[in-house]
Amino acid sequence: MSGWMSRSRTPRSTVVVVWVIAVVLVLVGGVAHVADLVRHGLWPYAWAPGWLNLYWSSLAVLDPLAAFFLLRGKRIGLDLACGVMVTDLAANLYAAYGLRATGLLVEPGLQRVAAFALFVLGSAPFVRRRLGQEPFTPTTTRSGPPTASRPGSTRRRRRCPS
């Protein structure tokens, strides 16, 4: 790709700053959801339907998982963070407008979720190109024959010294 998404056009220092902010804020969200689980169980909001409470409780697992993969420098962490932010924003918008008859201007929690969702989704194309693709392997230089697990792959595994 060329233009604004090109690897050479996004300075590494900018990517690192955005990445650090995203990791910290995803962890903050995870801690908040864990705290809700510990204090109130799986249904922390009596006014919300059960499915919505369960979704928000699931973020106690999904947020730290996204942070873990982001800390490992894996694209799946950013992909998971984007998915979580889109669905979390939708859930919070539904809660504010559909259930509580309030709006963005009077809900500070919704304002924070919306701002972070815009930050993650807006910065994702810049950060994603700098992250590794494979979620469970350390980032190393590959050499040797193509792997059997990926037929037709031209990537090569690095051989360990004997």
Side-chain angles (χ1 to χ4, degrees), residues 1 4-45 47-100 104 107-142 147 149-150 153 155 157:
M1 292 191 142
W4 63 274
M5 285 181 57
S6 172
R7 183 179 287 206
S8 62
R9 300 260 183 194
T10 307
R12 184 174 176 82
S13 60
T14 301
V15 170
V16 169
V17 168
V18 168
W19 173 78
V20 167
I21 291 169
V23 168
V24 168
L25 292 177
V26 167
L27 283 173
V28 166
V31 167
H33 292 292
V34 168
D36 283 345
L37 264 177
V38 169
R39 282 184 283 192
H40 307 289
L42 288 176
W43 293 271
Y45 304 103
W47 52 266
W51 64 268
L52 194 54
N53 274 302
L54 289 175
Y55 168 74
W56 281 324
S57 294
S58 75
L59 295 181
V61 174
L62 295 175
D63 281 346
L65 188 62
F68 170 77
F69 284 126
L70 279 170
L71 285 171
R72 302 261 336 252
K74 303 301 177 187
R75 287 182 183 174
I76 193 170
L78 186 61
D79 296 343
L80 181 57
C82 287
V84 164
M85 291 315 303
V86 166
T87 57
D88 195 17
L89 181 59
N92 278 283
L93 285 169
Y94 171 71
Y97 288 98
L99 298 176
R100 298 176 48 134
L104 182 65
E107 292 281 343
L110 179 57
Q111 293 168 4
R112 288 189 295 271
V113 168
F116 185 49
L118 290 174
F119 174 77
V120 168
L121 296 172
S123 62
F126 301 101
V127 176
R128 192 171 193 282
R129 295 189 52 95
R130 297 265 187 180
L131 298 176
Q133 292 179 340
E134 299 174 16
F136 298 106
T137 59
T139 54
T140 59
T141 305
R142 306 242 180 225
T147 62
S149 62
R150 297 175 72 183
S153 173
R155 299 182 86 165
R157 289 205 184 268

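Small disclaimer: the values here were computed from a predicted structure and weren't measured.
Separation of atoms CZ (R130) and CG (L78) is listed at 14.0 Å; rounding is to 0.5 Å. We find the NE2-OG distance between H40 and S57 to be 10.5 Å, quoted to the nearest 0.5 Å. To the nearest 0.5 Å, the span separating CG on L25 from CZ on R112 amounts to 11.0 Å. With rounding to the nearest 0.5 angstrom, the CG atom of L131 is 12.5 Å from the CZ atom of F69. The CG atom of L59 sits 11.0 Å away from the CG atom of L54 when rounded to the nearest 0.5 Å. How far CG of D88 is from OG of S58: 9.0 Å, rounded to the nearest 0.5 Å.
With a 4.5 Å cut-off on side-chain heavy atoms, L93 and L104 do not count as touching. Side-chain contact between D36 and Y45: present, with at least one pair of heavy atoms (C-beta onward) separated by less than 4.5 Å. Using a 4.5 Å cut-off on side-chain heavy atoms (C-beta onward), V17 and V20 make no contact. Contact check for R128 versus D79: side-chain heavy atoms found under the 4.5 Å cut-off. You'll find the side chain of L52 reaches within 4.5 Å of the side chain of L99, heavy atoms only. The closest side-chain heavy-atom distance from P44 to N53 is below 4.5 Å. M85 is listed as a side-chain neighbour of V113, based on a closest heavy-atom distance under 4.5 Å. L89 places none of its side-chain heavy atoms less than 4.5 Å from the side chain of F116.
Here the closest non-hydrogen pair linking G50 and W43 is CA-NE1, 3.6 Å. Closest heavy-atom contact between A66 and L80: N-CD2, 3.6 Å.
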Discussion item. Determine whether T87 and Y55 satisfy the following criterion, side-chain contact (heavy atoms from CB on, under 4.5 Å), listing intermediate values before the conclusion.
Written reply: CA-CA 9 Å; T87 57; Y55 168 74; 2.6 Å; yes
Worksheet item: Please walk me through it: do F126 and V18 pass side-chain contact (heavy atoms from CB on, under 4.5 Å)?
Response: CA-CA 9 Å; F126 301 101; V18 168; over 6 Å; no
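Within the 3.5 Å criterion, the main-chain N or O of V28 finds no donor-acceptor partner in the side chain of D63. A donor-acceptor contact shorter than 3.5 Å links the side chain of H33 to the backbone of W56.
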